[in-house]
Amino acid sequence: MDNNRNKKNSKRESGREKIVGGKALIVIVIVCGTLVYYHCAYRDASLLSLLSDVLIVLLCSLAILGLLFRQLTIQVPVDPLEWQISQDTANSIVAWLANTIGAAESVLRVAATGHDKRLFFKVVICLYILSALGRLVSGVTVAYAGLCLFCLYMLAETSESISTIVSHFLRGRNDTTSEQDIM
């Protein structure tokens, strides 16, 4: 009996660790997204300047850490220059990228030729909505709002209390639809 309790407690603790890890990831994504939004929208800088700023900061901080470790005679356990990926991993990454680009190209070709009228009109409506939205706000603002909505969705998925509320709401909606189907 104690063994079952220990198993349940360990499962519960691992579930909590996953939730905490998921929430930490969401916070990191929000902070990074906010910094990108600030850099691109308020400073009117391009993504290329953002990338160069990030690389400069990383290079300087790694150089400072390297000098500090050398001064304190601390051995770094892993040398990033020795990191390598296997040939199979590289092939699978390239194959995934090729399949994704090929699928997108196929969908866009079908939409552009007009063979699938439903897909064609979906693409036209989406492009029209994006065009109208682009006239109202900048693209960086739209991307940041999308990032915030995505993070809220991920937070709702990882939170137990929100998940139970959503499942209760959806279960209530499904119950009403089944009653309407009977009538």
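Below, each value reflects all heavy atoms present in this structure, side chains not excepted, and no hydrogens, waters or symmetry copies.
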When rounded to the nearest 0.5 angstrom, what is the spacing between SG in Cys151 and CD1 in Ile28? 11.0 Å
Can you list every salt bridge (charged side-chain N to carboxylate O under 4.0 Å, His left out) pair that touches residues 103-116, not counting sequence neighbours? Glu105-Arg109
Spell out, yes or no, whether Val123 and Val110 are grouped together once hydrophobic residues are joined by side-chain heavy atoms under 4.5 Å, including indirect joins. yes
Does Tyr153 belong to the same Ile/Leu/Val/Met/Phe/Trp/Tyr cluster as Ile26, with side-chain heavy atoms less than 4.5 Å apart forming each link? yes
Donor-acceptor pair, distance only, cut-off 3.5 Å: does the side chain of Ser131 make one with the backbone of Leu127? no
Going only through I, L, V, M, F, W and Y residues with side-chain contacts under 4.5 Å, is there a path from Val31 to Val36? no
Say you draw a straight line from CD1 of Ile125 to CG of Leu130; how long is it, rounded to the nearest 0.5 Å? 12.0 Å
Is the shortest side-chain heavy-atom distance between Cys148 and Tyr144 below 4.5 Å? yes
Output for pair (Leu147 CG, Leu152 CG), nearest 0.5 Å, gives 9.5 Å
What about Leu108 and Phe121, same hydrophobic cluster or not, with Ile/Leu/Val/Met/Phe/Trp/Tyr joined at side-chain heavy-atom distances under 4.5 Å? no
Distance from Leu55 atom CG to Leu59 atom CG, nearest 0.5 Å? 8.5 Å
Return the CD1 to CG distance between Ile30 and Leu25, rounded to the nearest 0.5 Å. 10.5 Å
Apply the test side-chain contact (heavy atoms from CB on, under 4.5 Å) to residues Phe120 and Val124: give CA-CA distance (whole Å), side-chain angles for both, the deciding distance (0.1 Å), then the verdict. CA-CA 6 Å; Phe120 176 74; Val124 168; 3.9 Å; yes
What distance separates Ile56 CD1 from Ser49 OG, expressed to the nearest 0.5 Å? 10.0 Å
